[in-house]
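What follows is a set of notes on a single structure, which appears directly below.
Just so we're on the same page: letters track the sequence lines, and every chain starts at 1. Here the structure is a predicted model, which means the values were calculated and not measured.
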Amino acid sequence: MAKPTRLSGFPELLPSGRVIEQYLLDVARQVFELHGFLSLETRAVEPIENLQGGEIAKEIYVLRRMHAADGEADPGLGLHFDLTVPFARYVLENSAQLEFPLRRYQIQKVWRGERPQDGRFREFTQADIDVVGSGALAFHHEIEMAVVMSTLLAKLPIPPAIIQVNNRKLAEGFYLGVGATDTQGVLRAIDKLDKIGADRVRVLLEAEAGLTREAAAKCIQLASIKTPDATFVDQVRALGVQNDLLDEGLNELAAVVAGANAERPGSVVADLRIARGLDYYTGTVYETQLVGFESVGSISSGGRYDNLASDGKQSYPGVGISLGVSRLVSVLIGRDLVSVSRAVPSAVLVAVSDEASRPASELVARQLRNRGISCEVAPSADKFGKQIRFADRRGIPFVWFPGAVQRESPEGDTVKDIRTGDQVPADATKWAPPIDDLTPRVFSTIVTTAVSEESS
RNA sequence: GUGCUCGUAGUUCAAUGGUAGAGCGCAGCCUUGUGGUGGCUGAUGUUGCGGGUUCGAAUCCCGUCGGGCACCCCA
């Protein structure tokens, strides 16, 4: 290898960062499995035409064989862009062997060719959950997705997160109701409200989406509605737009907000400016902001899709939501919102008196490991002061001193808590560290109020 | 991919175009087998990298890589 160099958009974590990431992944897996989601993994590559969802050109990394011959056909493969589209393909391919509705979680890397920015990478990890039905999928799963993600977020040592929910039927019905023909165009313009402001969006709506002045104004008014409960319905009705699809969307969104907040109060708000870039969503759409860190964008999003997977005879509607693990980790690390008790798994460093007695130290380590206590043996028989410092640097809380080397007698062994200085006699077949010291701990450095636990 | 901006010791930051520095951290000793506080001593580096202008470049110019921002898009 030549000189190692960082690669833009392909971040690598230091050991302590990886501890944080792994902790999030562990909690995610635990919460997902508690809710009955099974685990799946799909291949990293897909035929490019599968990845494109709609016709919009995505930032897809294309795969090419280095030694491809001149005339060799292009395999047309690309790295997957998200986990939902590959999952839909997987469902179609294996539908005969799967049970529906299928609840699955999937935690994998995905790749996008976009220019990297704060919290935005070219390679990052997503933790997805989806429920997919065969032919039909009950609406209540659209509530469930918000509840599961909210439950997960509440268990993590992170600032409060709020899931913002909208509904494609509501938006599309409203746009049709005011006379729009290019509802996608309207959606795209509305999506820019935060960035370019109402005035410029109004211009866009009139010029590009072909709306009348009044229609554009109403679309902007719609997008400004945001309520923590179902009262948004009255506000939308007050705009006086009539459309069946709109009514359907209003009912669904009201049900999601009411249903999710009934289970997890304050977890969800109706925010009618949420648009979502992906065009395959057909119902509820989700985005999630970290309170106080809105500028990094959504840390979790998803939605309902009715037409993503279909083999012509049977369709497989689904709903899913995805946690942006890499983005969340980068925010937590970049702003010092969490810290870790140590970056290594070892709870104990077994000191070595001299090289001749190293086997005695190894025996102690083996006895601790047999009882599930992570430990390592000092790499060299330095002065004990140095060995203690070795542990201190790594955050290893305990140093074990084997007693005088006198065969098969653990007597004389002592273990020292180097944080307090307490040193006590100990038996490697019986001693155990406090439960909190058994594995590295990840804790929030800002939230002083306890992370709200279950409300159910 | 386009545009803007930043890049100095492990780290946080200094240095009018004129000898590259400070705090923290690190190493050694005070401390002959138990760290942290304290004292003394010491090393930090091809100023991201490559070119160019200049008697002379950390400083100005070009390119490139990396960080950030905006566009685009989105976890």
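- Partners of A:Tyr105 according to the ring pair (Phe, Tyr, Trp, His ring centres under 6.0 Å) rule, which considers only residues two or more places apart in sequence or in another chain, are A:Phe32.
- Residues satisfying the ring pair (Phe, Tyr, Trp, His ring centres under 6.0 Å) criterion with A:Tyr286, sequence neighbours excluded, are absent altogether.
- Each salt bridge (charged side-chain N to carboxylate O under 4.0 Å, His left out) pair with one or both residues in residues 336-347 of chain A, not counting sequence neighbours, would appear here, but there are none.
- Applying the ring pair (Phe, Tyr, Trp, His ring centres under 6.0 Å) rule to A:Trp111 yields the partners A:His80; only residues at least two apart in sequence or on another chain are considered.
- Comparing B:G33, B:G28, B:C26 by their nearest atom to the side chain of A:Arg393 picks out B:C26.
- For A:Arg115 and B:G3, a side-chain-to-base donor-acceptor distance below 3.5 Å is present, hydrogens and geometry of angles not being considered.
- In this structure A:Thr282 satisfies the side-chain hydrogen bond (donor to acceptor under 3.5 Å, both in side chains) test together with A:Asp306, sequence neighbours excluded.
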Please output the side-chain donor-acceptor pairs of residues 393-400 of chain A that fall under 3.5 Å, not counting sequence neighbours, one pair per line with the distance.
from	atom 1	to	atom 2	distance (Å)
A:Arg394	NH1	A:Phe390	O	3.1
A:Trp400	NE1	A:Asp413	OD2	3.1

Mind listing the side-chain donor-acceptor pairs of residues 13-28 of chain A below 3.5 Å, one per line with the distance, residues two or more places apart or on another chain?
from	atom 1	to	atom 2	distance (Å)
A:Arg18	NH1	A:Glu21	OE1	2.8

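- By the 6.0 Å contact criterion, CD on A:Glu355 is enclosed, its count of non-hydrogen atoms from other residues, nucleotides or ligands being greater than 12.
- Within residues 288-297 of chain A, no residue approaches RNA chain B, by heavy-atom distance under 4.0 Å.
- For residues 150-170 of chain A, no residue pair satisfies the ring-ring contact (aromatic ring centres under 6.0 Å, His included) rule, not counting sequence neighbours.
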Write out a two-atom table: protein N or O, nucleotide N or O from nucleotides 8-12 of chain B, distance below 3.5 Å.
none

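- Rounded to an integer number of Å, the gap from A:His80 NE2 to B:C74 C1' is 16 Å.
- Applying the ring pair (Phe, Tyr, Trp, His ring centres under 6.0 Å) test to A:Phe401 and every residue at least two apart in sequence or in another chain returns A:Phe384.
- Out of B:C71, B:G67, B:G33, the shortest distance to the side chain of A:Ser8 is found at B:G67.
- The shortest distance between the side-chain N/O atoms of A:Lys192 and the OP1/OP2 oxygens of B:C71 is not below 4.0 Å.
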*Pairs counted as Watson-Crick or G-U wobble with both distances under 3.5 Å: what dot-bracket string results for RNA chain B, using | for bases tied to another strand?*
(((((((..((((....[..)))).(((((.......))))).....(((((..]....))))))))))))....

